[in-house]
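This report concerns only the one structure given below.
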Amino acid sequence: MAAPGTVRLVLPDGSLREVPSGTPAGEVLRAWNPGAAGKFLAASLDGRPIDLAAPVRTAGRLAGLAFSDPKGREVLQHSAAHLVAKSLLEVVPDALPTVGPPTEEGFYYDFEVRPLTPEDLTKLAERAAAIIAARERFERVEVPRDEALRLVAGNPHKQGYIEEVPAGEAVSFYRTGAFVDLCRGPHVPDTGWLAGLHVLGFSAITAGGTPGGAPRQRVRGIAFPSRAELEAYLKQREEAEARDHRALGPRLGLFMFVDEAPGFPFWLPKGMIVVRELERFVIEHFRDDGYHEVRTPLMFAQSVFETSGHWTHYRENIFQTEADGRIYGVKPMNCPGSMLIFRSTSRSYRELPLRLAEFAPLHRLERSGTLHGLTRVREMVQDDAHLFVTEEQIEGELRKLLAWIQRAFTVFRLEWSYELSTRPESYLGEVAQWDRAEATLEKVLRESGVAYRVSPGEGAFYGPKIDIHIRDSLGRPWQTGTIQLDYQIPARFGLEYQGADGALHPPIVIHRTILGTWERFLGVLLEHCAGRLPPWLSPVQLRIVPVTERHEPAARARLERFAAAGIRADLSTSTDTLSKRIREAELDKVPYIGVLGDREMTDGTVALRVHGQKGSRTLATEELVRELGEKIRTRSFEP
RNA sequence: GCCACUGUAGCUCAGUCUGGCAGAGCGGCUGAUUCGUAAUCAGCAGGUCGGGGGUUCAAGUCCCUCCAGUGGCUCCA
């Protein structure tokens, strides 16, 4: 038992400390570990973050929170959000602060305010710098509810948040100089901790999730405990921006866009090679796993989409045209076509699972402001398939799909994550069936041992799904693959098969795409490898560089040899210096460069330089044919 | 679709604030150089300054509008 008026605290190293009740957490930590205490920007008591200045009145496990700790990082981001709010109010006094939470990367603060301008932001940054230099303290104040409501008079947003605080619980505010903000805390001790603050930008946000609300602006930022850490972050960000597929793609001759076709990619000759290689990769798997490729119309009369439910749930995204007095929709997905094929004849359970794959161009009228290079387009091709299965076959098919995902993404050395999306507000069918479908998906995920997140309400209107996400160079997540379990659309199309029992049953359909669309997948892949595609995907796998013009005929002969071996090789024929042509090959991200001069001509060899590596090694032409052939055949990621 | 910003040669960008002859580097073409692993030298060509409208003696520059792009929001593969 602790002595009266004292509390007993367990420190992270297991040591025990008994201090007078009300001792500030920071003081206890400083006494415990003076060396580390300078890094602590907050503390935690039994895992609950508290201010360093918070008086400790209950026993428990006390620890310091540093920036390296995710919770510590959040404290810093959230404190930075307060600083931004305080600064903005000094620039635009009638702005109404709403919320300012930390995010995965940094933080944001939303305001009800007139549209901001870059000048506002400049002034904001100046004010913030001054406040940081002033090292203003973050002071916690706890007040009764009625006083709290008085404090935020004039700000309906904050009043609303106070209403949400459970009755009986004190309402806390944090004071920074003259600025007071409703806040649960905790915060860093003072604004001097925010020296590594960086305002990333601002934008309008759609208030309350629906267009047409009060004008709101979001200021986004990120904070580090020091300038140096901020500088490192900015440098890394700059490098990531240099990998942007929207710049890399056209420069490498892969794809392009024109103003007259926003969101509709042009695949250039080199890009088409990459797409075909990707297709080949997927088609090999289709063959192995019993898929049949089909091709169905790009357009259907409106009634087909009414049957599928898309006319009700997706119409604003469907391109429409009109012929013979009927409205046609350009298909945004392949499922209706596959449904019609299934329905075209009577089906037996012996045919199931029936796996129909289709790589048709899909068109989706995405809103103009959402387009983004290849990762968000209006015309796309998916590695799409629809599996018509019996109830008993679902799990087996799902397991096979998870295995294929594992294999496919590993080939590209991409990191991916799973998300289970459940019944949305607007849905077809019965709740019980949805619950069963969701349970099945979750069971297979759990049994496969992979980590996954659950996104409630994010499912498709016809069924729950497992989505796969990968991230671009700036860390923005993009959904690629998706596995959707659908009891609805087959029934709406009146699909049935005759079971072993002689009765007719509706099949269940698994909609699945793994790489997603060639467009998005390649966009992210290009950023992932900074344009340096693995050899099997490279449009030019080997560039032969003759040392002088004299060596060109010999180089051409070698070229033919490589071409005959199925290696995509080209020739560097310009009269530029050797160094310059090597440089060009490197900039073109050609994985292998073969130099050919007098020495190589005499002994039938090639001097091989691998992209990104200095120096070369000489090997016999046939040896090179074998070596490159092997790298390509095995789809090695590294050259 | 919403808010802000951006749009000048194939690319990257000066010039726009303060209206007065459209510029550079890279790339391209031509010629010289024939070279051993990331930029040889010289010359030349290339632009209705995103489109349209307006103000003005005069517009790349100021105003309006449309289009496209960028960063977010919303939505989604």
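Per chain, numbering begins at 1; letters A, B, ... match sequence-line order. For clarity, every value in this text was computed on a predicted model and none was experimentally measured.
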Exercise. Among B:C73, B:A38, B:A68, which nucleotide sits nearest the side chain of A:Glu586?
Worked result: B:A38
Problem set entry | Whole-Å P distance, B:C13 and B:U6 | 14 Å
Problem set entry | Interatomic distance, A:Arg251 CZ vs B:C11 C1' [rounded to whole Å] | 9 Å
So which protein nitrogen or oxygen atoms get under 3.5 Å of nucleotides 4-9 of chain B's nitrogens or oxygens?
none

Please write out the pairs of protein N or O atoms and N or O atoms of nucleotides 26-28 of chain B separated by less than 3.5 Å, giving the distance to one decimal.
residue, atom, partner, partner atom, Å
B:G27, OP1, A:Lys580, NZ, 2.8

For this session: Tell me, yes or no, whether the heavy-atom count around A:Glu104 atom CD, taken from other residues, nucleotides or ligands under 6.0 Å, exceeds 12.
Result: no
Problem set entry | Separation between the C1' atoms of B:G52 and B:G7, rounded to whole Å | 16 Å
For this session: Let me know the distance between CG of A:Asp244 and C1' of B:U12, rounded to the nearest Å.
Result: 15 Å
Exercise. What heavy-atom pair brings A:Gln77 and A:Pro102 nearest, and what distance separates the two atoms?
Worked result: CB-CB, 3.9 Å
For this session: Report yes or no: does A:Asp603 contribute a side-chain atom to a donor-acceptor pair with the main-chain N or O of A:Thr605 at less than 3.5 Å?
Result: no
For this session: Starting at atom CG of A:Asp598, determine the distance to atom P of B:U37, rounded to an integer number of angstrom.
Result: 14 Å
Problem set entry | From B:U74, B:G69, B:C35, nucleotide with atom closest to A:Arg367 side chain | B:U74
Exercise. In this structure, are over 12 heavy atoms from other groups packed under 6.0 Å from A:Arg114 atom CZ?
Worked result: yes
For this session: Remember a base hit wins even if backbone is also touched, and classify A:Gly597 as base, sugar-phosphate or nothing at under 4.0 Å, heavy atoms.
Result: base
For this session: Give a yes/no on whether any side-chain N or O of A:Arg220 is located under 4.0 angstrom from OP1 or OP2 of B:C73.
Result: no
Seminar exercise, completed: OH (A:Tyr592) and OG (A:Ser616) are apart, to the nearest 0.5 Å, by 15.0 Å
Exercise. Roughly, in whole Å, what's the span from CG in A:Asp472 to C1' in B:G71?
Worked result: 13 Å
Exercise. Do A:Lys331 side-chain atoms and A:Thr296 backbone N/O form a donor-acceptor pair below 3.5 Å?
Worked result: yes
Problem set entry | Base of B:G1 paired with side chain of A:Glu316 (donor-acceptor, under 3.5 Å) | no
Exercise. Is the backbone N or O of A:Pro332 less than 3.5 Å from a side-chain atom of A:Arg364, with the two atoms forming a donor-acceptor pair by type?
Worked result: yes
Problem set entry | A:Arg216 side-chain N/O to B:U74 phosphate OP1/OP2 under 4.0 Å | no
Problem set entry | Integer angstrom distance from the P of B:U37 to that of B:A24 | 34 Å
For this session: Provide the distance between the two P atoms, one in B:A42 and one in B:C26, to the nearest whole Å.
Result: 10 Å
Problem set entry | Matching residue for A:Val199 among A:Ile222, A:Thr122, A:Leu121 - test: side chain to side chain contact (heavy atoms under 4.5 Å, CB included) | A:Leu121
For this session: Tell me which nucleotide among B:A38, B:A32, B:G71 gets nearest to the side chain of A:Thr575.
Result: B:A32
Problem set entry | Interatomic distance where CD1 belongs to A:Ile544 and C1' belongs to B:G36 [whole Å] | 16 Å
Seminar exercise, completed: Walking RNA chain B from its 5' end, the first of A:Ser203 and A:Glu519 to be reached, judged by nearest nucleotide, is A:Ser203
For this session: Among the candidates B:C35, B:A38, B:G36, find the nucleotide nearest to the side-chain atoms of A:Ile582.
Result: B:A38
Problem set entry | Nearest-Å distance once atom C1' is located in both B:U16 and B:C35 | 46 Å
Seminar exercise, completed: Looking only at B:A38, B:G36, B:G72, the nucleotide nearest the A:Arg476 side chain is B:G72
Exercise. Can you find a side chain N or O atom of A:Thr577 that sits less than 4.0 Å from OP1 or OP2 on B:U40?
Worked result: yes
For this session: Quick one: list whatever passes salt bridge (Lys or Arg N to Asp or Glu O under 4.0 Å) with A:Glu397, sequence neighbours left out.
Result: A:Arg355, A:Lys400
Exercise. If you look only at pairs with a residue in residues 456-467 of chain A, which of them pass as a side-chain hydrogen bond (donor to acceptor under 3.5 Å, both in side chains), with sequence neighbours excluded?
Worked result: A:Tyr462-A:Gln484, A:Lys465-A:Asp467, A:Asp467-A:Gln479, A:Asp467-A:Thr482
Problem set entry | P atoms of B:U48 and B:C2, separation to the nearest Å | 32 Å
For this session: Return the set of residues passing salt bridge (Lys or Arg N to Asp or Glu O under 4.0 Å) with A:Arg599 (not counting sequence neighbours), or none when no residue passes.
Result: none
Seminar exercise, completed: note: A:Arg543, atom CZ; B:A38, atom C1'; distance rounded to Å ~ 13 Å
Exercise. Across the strands shown, which category fits A:Val377 at heavy-atom distances under 4.0 angstrom: base, sugar-phosphate, nothing?
Worked result: base
Exercise. A:Leu371 CG to B:G71 C1': how many Å, rounded?
Worked result: 14 Å
Exercise. Under 4.0 Å between a side-chain N/O of A:Arg218 and OP1 or OP2 of B:C3, yes or no?
Worked result: no
For this session: Determine the Euclidean distance between corresponding P atoms of B:C75 and B:C66; express it in Å to zero decimal places.
Result: 26 Å
For this session: Scan A:Thr480 against the nucleic acid and name what it touches under 4.0 Å (heavy atoms): base, sugar-phosphate only, or nothing.
Result: sugar-phosphate
Exercise. Expressed in angstrom and rounded to an integer, what is the separation of A:Phe461 atom CZ from B:C75 atom P?
Worked result: 17 Å
Exercise. Is the A:Phe461 to A:Trp311 ring centre distance short of 6.0 Å?
Worked result: no
Exercise. On a plain distance test, is the side chain of A:Arg376 in donor-acceptor contact with the base of B:C75 below 3.5 Å?
Worked result: yes
For this session: Kindly point out which of B:U33, B:G1, B:U37 is positioned nearest to the side chain of A:Ser579?
Result: B:U37
Exercise. If you check every side-chain atom of A:Thr548, which of B:U34, B:C76, B:G36 has the closest atom?
Worked result: B:U34
Exercise. Just checking A:Glu552: base, sugar-phosphate only, or nothing, at a heavy-atom cut-off of under 4.0 Å?
Worked result: nothing
Exercise. Can you tell me how far C1' in B:G43 sits from the matching atom in B:C63, rounded to whole Å?
Worked result: 44 Å
Problem set entry | From A:Phe412 atom CZ to A:His528 atom NE2, the distance as rounded to the nearest 0.5 Å | 10.0 Å
Exercise. Ion pair present between A:Arg583 and A:Glu586, side-chain N to carboxylate O less than 4.0 angstrom?
Worked result: no
Exercise. Quick one: does A:Asp383's side chain have a donor or acceptor within less than 3.5 Å of a partner on A:Leu515's backbone?
Worked result: yes
For this session: Could you tell me the separation between the CG atom of A:Leu298 and the CZ atom of A:Arg295, rounded to the nearest 0.5 Å?
Result: 6.5 Å
Problem set entry | Phosphate OP1/OP2 of B:U34 contacted by A:His551 side-chain N/O (<4.0 Å) | no
Exercise. What are the residues of residues 356-366 of chain A, sorted by number, that bring a heavy atom to within less than 4.0 Å of RNA chain B?
Worked result: A:Arg364, A:Glu366
For this session: Looking at every strand, decide which applies to A:Ala585 at a 4.0 Å heavy-atom threshold: base, sugar-phosphate, or nothing.
Result: nothing
For this session: Respond yes when some side-chain nitrogen or oxygen of A:Arg581 is under 4.0 Å from OP1 or OP2 of B:G36, and no when none is.
Result: no
For this session: Just compare B:G36, B:C35, B:C76 and give me whichever is closest to any side-chain atom of A:Glu458.
Result: B:C76
